[in-house]
Amino acid sequence: MSKIEEKKYKFDEKIVVLRNGHIDDAEELLEVIKKLDYETPFLLREPGELTLTIEQEKMFLQSKLESEVNLFILAEVDGKIIGTCAVNGNARRRLRHSANLGIAILKDYCGKGIGRRFMETSIKWAKENGISRITLQVDANNFRAINLYLKLGFEIEGTLKKDKLLSDGTFIDSYTMALLL
Ligand SMILES: CC(C)(COP(=O)(O)OP(=O)(O)OC[C@H]1O[C@@H](n2cnc3c(N)ncnc32)[C@H](O)[C@@H]1OP(=O)(O)O)[C@@H](O)C(=O)NCCC(=O)NCCS
């Protein structure tokens, strides 16, 4: 089962809890994801683009919990969800060793070490679950994220030119990065 043990860490006199996402989180999670889309240009959706219903989100969370190749974890502070981290694996045997990672934290909680904890927890889970290659894509101007990934041992494998197009007409290059475990 794709589950982690719940973990607690301290930052700024507060406790952050890392735990699996459950179907009961669906409604709050959708609000957090919508907020993230307004807060950061570094994710894939434009503000207001998310159209998932609570029912669809519940099905998504349940499928992650049941899957052996996917992990979906949340960070909570003061009982509120403030970020998510997902490892999306492959069931096909030729790709079973490989998974793609995505991570996002609300602006007020960035730069406090939560991203590093999310990543370390996900990497440990991947190792324990037969994954030996973690990939991710990151905007070439997302210096905080790139710093974090490099510090954890990820390498840049290539540049995807004009990979994203923002609503203001700006094209953004991405790096594809990987960590071999
Ligand atoms: C990218 C993101 C996940 C990083 O998580 P975080 O909690 O903010 O990062 P951390 O506080 O754990 O910092 C980890 C490392 O990043 C680096 N870092 C932190 N803040 C930084 C900043 N403002 N500029 C450059 N590097 C920075 C530090 O080197 C730090 O290393 P250290 O632990 O050795 O000090 C988070 O900022 C985020 O969700 N951003 C918005 C969405 C996003 O960009 N997602 C990633 C898409 S690929």
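When a ligand or atom number is given, it counts from 1 through the structure's own listing order. All of these numbers come straight from a predicted model, not from anything done at the bench.
Between the side chain of N90 and the backbone N or O of S98 there is at least one donor-acceptor pair closer than 3.5 Å. In this structure, the side chain of Q56 engages the main chain of T53 through a donor-acceptor pair within 3.5 Å. Remark: the backbone N or O of S174 is not paired with any side-chain donor or acceptor of D163 at under 3.5 angstrom.
For atom 45 (N) of ligand 1, the nearest non-hydrogen atom of the protein is I103 O, 2.9 Å. What sits closest to atom 41 (C) of ligand 1 on the protein, heavy atoms only, is T40 OG1, 4.0 Å. Among protein heavy atoms, atom 39 (O) of ligand 1 sits closest to I105 N, 2.7 Å. Considering only non-hydrogen protein atoms, atom 17 (C) of ligand 1 sits nearest to N147 CB, 3.9 Å. Looking from atom 29 (O) of ligand 1 to the surrounding protein, the closest heavy atom is K151 NZ, 2.7 Å. Nearest protein heavy-atom contact of atom 48 (S) of ligand 1 is Y149 OH, 3.3 Å. In terms of protein heavy atoms, atom 4 (C) of ligand 1 is closest to L148 CD2, 3.7 Å. Closest to atom 44 (O) of ligand 1 among all protein heavy atoms lies N142 ND2, 2.8 Å.
By heavy-atom distance, the residue among A75, G83, A145, G111 lying nearest atom 1 (C) of ligand 1 is A145. Nearest to atom 24 (N) of ligand 1 by heavy atom, out of R144, R116, M177, is R144. Of the listed options G113, C110, G115, A104, G113 places a heavy atom closest to atom 11 (O) of ligand 1.
Contact atoms of ligand 1 toward Q137: 48 (S) (distance under 4.0 Å to a heavy atom of the residue). Residue contact check: K112 has heavy atoms under 4.0 Å from atoms 11 (O) of ligand 1.
For F154, the CZ atom is densely surrounded, since the number of other residues' heavy atoms within 6.0 Å is greater than 12. The environment of CD in E5 is sparse: at most 12 heavy-atom neighbours from other residues, nucleotides or ligands sit within 6.0 Å. Within 6.0 Å of NZ on K7 lie more than 12 heavy atoms contributed by other residues, nucleotides or ligands.
Within the structure, ligand 1 lacks F118 among the residues with a heavy atom less than 4.0 angstrom away. Note on ligand 1: I114 sits in its first shell, one or more heavy atoms being nearer than 4.0 Å.
The two atoms that bring L181 and I123 nearest to each other are CD2-CG2, 3.7 Å, heavy atoms only.
Within 4.0 Å of atom 22 (C) of ligand 1, at least one protein heavy atom is present. Put simply, atom 13 (O) of ligand 1 has no protein non-hydrogen atoms near it, under 4.0 Å away.
With respect to the salt-bridge test (charged N to carboxylate O, under 4.0 angstrom), the residues D108 and K35 do not qualify. Residues K161 and D173 are not paired through a salt bridge, judged by the lack of any N-O separation under 4.0 Å between the basic side chain and the carboxylate. At a threshold of 4.0 Å, the pair E39-K34 does not count as salt-bridged, since none of the basic side-chain nitrogens sits closer than that to a carboxylate oxygen. Between K124 and E128, at least one side-chain N (NZ, or NE/NH1/NH2) sits under 4.0 Å from a carboxylate O, which counts as a salt bridge.
Neither the backbone nor the side chain of Y175 has any atom closer than 4.0 Å to an atom of ligand 1 (non-hydrogen atoms only). Of all the heavy atoms of E39, none lies under 4.0 Å from any atom of ligand 1, so neither backbone nor side chain is involved.
Taking the six-membered ring for Trp, F60 and F72 have ring centres closer than 6.0 Å.
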